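See below for the structure under consideration.
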2 protein chains.
Amino acid sequence: MDKEIIYDIRQFNRFYTKVLGLFNNHILDTDYSLTEARILFEISEETECIANNLVQKLNMDKSYMSRILRKLEKEALIEKKSSARDNRKNFLFLTKKGEEQLAKINIQSDQQINQLFSGLSESEIHEIHTSMMVIKEKLNKYNF
Amino acid sequence: MDKEIIYDIRQFNRFYTKVLGLFNNHILDTDYSLTEARILFEISEETECIANNLVQKLNMDKSYMSRILRKLEKEALIEKKSSARDNRKNFLFLTKKGEEQLAKINIQSDQQINQLFSGLSESEIHEIHTSMMVIKEKLNKYNF
DNA sequence: ATTAAAAGTGGACAAAGTCAACTAAAGGAG
DNA sequence: CTCCTTTAGTTGACTTTGTCCACTTTTAAT
């Protein structure tokens, strides 16, 4: 693979690390950390979500996950209901409060995106969007 | 801005968070953390680099930076030379050892990129590359 | 000359993440 | 069925990472 392309990709990675970093710090302005927000999000997306799914998907330590879930349960954002078929598993659900909190986070996140893209024309936004889809499709296809 | 586009962008961000996360954990396999690697890299790129540049560029707390730099100095990866014109500033330089360490990290990072892109055709790599350049150009232009 | 801002340091602390040992349940292989 | 392995999750002890604030020193600004 061409040296210059690798250089550019690494530069992009540094650049996008900063983009994501800024987003994440904004999320931290709410009461919940990025990770907690991600967990709420994933629980809401997935039916029959269990802790281990999250561990895989978010690439986290299971003990750490266990603690975060306990915290979220304590704060009444989520509920655990143990599986009838497999007593090792707990299905995770958002409570009403959890859904509300996630909704807030979603609104904030959408605003952040809007802000980042303010000053860009429709066609520029479209170009970026297309580019993101290309990257995701291509990399997803073979490596995740 | 269109709801669906925002949705896609957030999805891309989640996706790329994972990509970067995998990279970063690999860097952690070496003796230095991602942040330390970034600092070595930035010092090597910038002439007359001072701590405060790094604080801005990497979006970090200055006391934290101070400590990391002290650690790197202690391990003889960097040197500080106080500016003649402004005694508050210390110019930062890589030592020979620092350069060697950075070279190792660079090799590893290049290998990671190669690995991520293995299985993709030339034209696919080219597409991804172009897409990255588009995103960086467009977002950089107005917002950083 | 006084005040304000910039650069950096240090203490105390909190948040985030890791590691290893453990329990309990489920899924085989024989 | 019994033994062994795997999966899901928890707990304790710990390290790393990151934050907050007060402080010093030096430079810039009015």
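Not measured: the values here are computed from a predicted model. The sequence lines fix the lettering, A, B, ..., with proteins before strands; numbering per chain opens at 1.
Residue L69(B) is out of contact with every strand shown, counting any heavy-atom pair closer than 4.0 Å.
Neither OP1 nor OP2 of dA6(C) sits under 4.0 Å from any side-chain N or O of N52(B). Dashed line: the shortest gap from a side-chain N or O of K62(B) to OP1 or OP2 of dA22(D) is not under 4.0 Å.
Put simply, the side chain of R67(A) and the base of dG12(D) share a donor and an acceptor less than 3.5 Å apart.
Distance N59(A) CG to dT18(C) C1': 13 Å, rounded to the nearest Å. With rounding to whole Å, L34(A) atom CG is found 15 Å from dT17(D) atom C1'. Nucleotide dG8(C) holds its P atom 9 Å from the NZ atom of K80(B), rounded to whole Å. Per the geometry, OH belonging to Y64(B) stands 16 Å off P belonging to dT15(D), to the nearest Å.
Of all nucleotides listed (dC20(D), dA16(C), dT9(C)), dA16(C) comes nearest to the side chain of S33(A).
Listed for the K89(B) side chain is no donor-acceptor partner under 3.5 Å among the backbone atoms of E48(B). With hydrogens and angles disregarded, a donor-acceptor distance shorter than 3.5 Å links the side chain of T17(B) to the backbone of N13(B). A donor-acceptor pair is defined here as one N or O able to donate and one able to accept, closer than 3.5 Å; such a pair exists between the side chain of T95(B) and the backbone of A76(B).
Aromatic ring pairs are classed by plane angle as parallel below 30°, tilted from 30° to 60° and perpendicular above 60°; the pair F15(B) and F12(B) is tilted.
Place R70(B) and Q56(B) on DNA chain C by their nearest nucleotides, and Q56(B) ends up nearer the 5' end. DNA chain C is contacted by both D61(B) and K71(A); D61(B) maps to the nucleotide lying nearer its 5′ end (nearest heavy atom per residue).
At a threshold of 4.5 Å between non-hydrogen side-chain atoms, the residues L92(A) and E42(A) do not count as touching.
The heavy-atom pair separating D8(A) from H129(B) by the smallest distance is OD2-NE2, 2.7 Å.
Proximity of residues 83-90 of chain A to DNA chain C (heavy atom under 4.0 angstrom from any strand atom) is restricted to R85(A), D86(A), N87(A), R88(A).
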